[in-house]
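Here is the structure we will look at, set down as structure tokens.
In this text, all values refer to a predicted model and were calculated from it rather than measured experimentally.
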Amino acid sequence: MVRDALGYAGTGAEITLQAVNRRGRKVEVTVTVTPLVDSERQTSGAVLVMD
């Protein structure tokens, strides 16, 4: 997912996962990755958001 965002024609992606929080409770987490693209359309990084 992150490698895809960092590739030449990087695109964003979103996935929902089952996880466990620090208190041991089950939670559902949505992870979104978006490439950082400059004015020359070069990918210089990625932003990951976990909600």
Side-chain angles (χ1 to χ4, degrees):
M1 191 162 120
V2 176
R3 285 188 182 127
D4 291 340
L6 293 173
Y8 173 71
T11 59
E14 182 175 294
I15 187 169
T16 302
L17 304 169
Q18 297 295 318
V20 177
N21 69 12
R22 63 183 180 187
R23 294 188 173 146
R25 295 186 181 150
K26 293 181 180 180
V27 294
E28 191 170 272
V29 178
T30 301
V31 179
T32 305
V33 61
T34 305
L36 289 174
V37 180
D38 63 18
S39 60
E40 297 175 1
R41 306 208 30 94
Q42 298 291 321
T43 303
S44 60
V47 176
L48 272 76
V49 177
M50 294 186 290
D51 185 25

* Asked: With the 4.5 Å side-chain cut-off for hydrophobic clustering, are Val33 and Val29 part of the same group?
  -> yes
* **Thr32 vs Leu48, side-chain contact (heavy atoms from CB on, under 4.5 Å): CA-CA, chis, key distance, verdict** => CA-CA 6 Å; Thr32 305; Leu48 272 76; over 6 Å; no
* 4.5 Å side-chain heavy-atom contact, Leu36 and Val47 ->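 They are in side-chain contact.
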* Decide yes or no for Glu14 and Val31: does some side-chain heavy atom of the first lie under 4.5 Å from some side-chain heavy atom of the second? =>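 No, side chains not in contact.
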* Which residues satisfy the side-chain hydrogen bond (donor to acceptor under 3.5 Å, both in side chains) test with Gln18, sequence neighbours excluded? ->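 Only Glu28 meet the side-chain hydrogen bond (donor to acceptor under 3.5 Å, both in side chains) criterion with Gln18.
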* Asked: In terms of heavy-atom contacts, does CG of Asn21 have more than 12 from other residues, nucleotides or ligands at under 6.0 Å?
  ->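 Yes.
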* If every non-hydrogen atom of Pro35 is compared with every non-hydrogen atom of Gly12, which pair is closest and at what distance? -> CD-N, 3.8 Å
* Asked: Could you give the distance from CE (Met50) to CG (Leu17), rounded to the nearest 0.5 Å?
  ->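 Here the rounded value is 10.0 Å.
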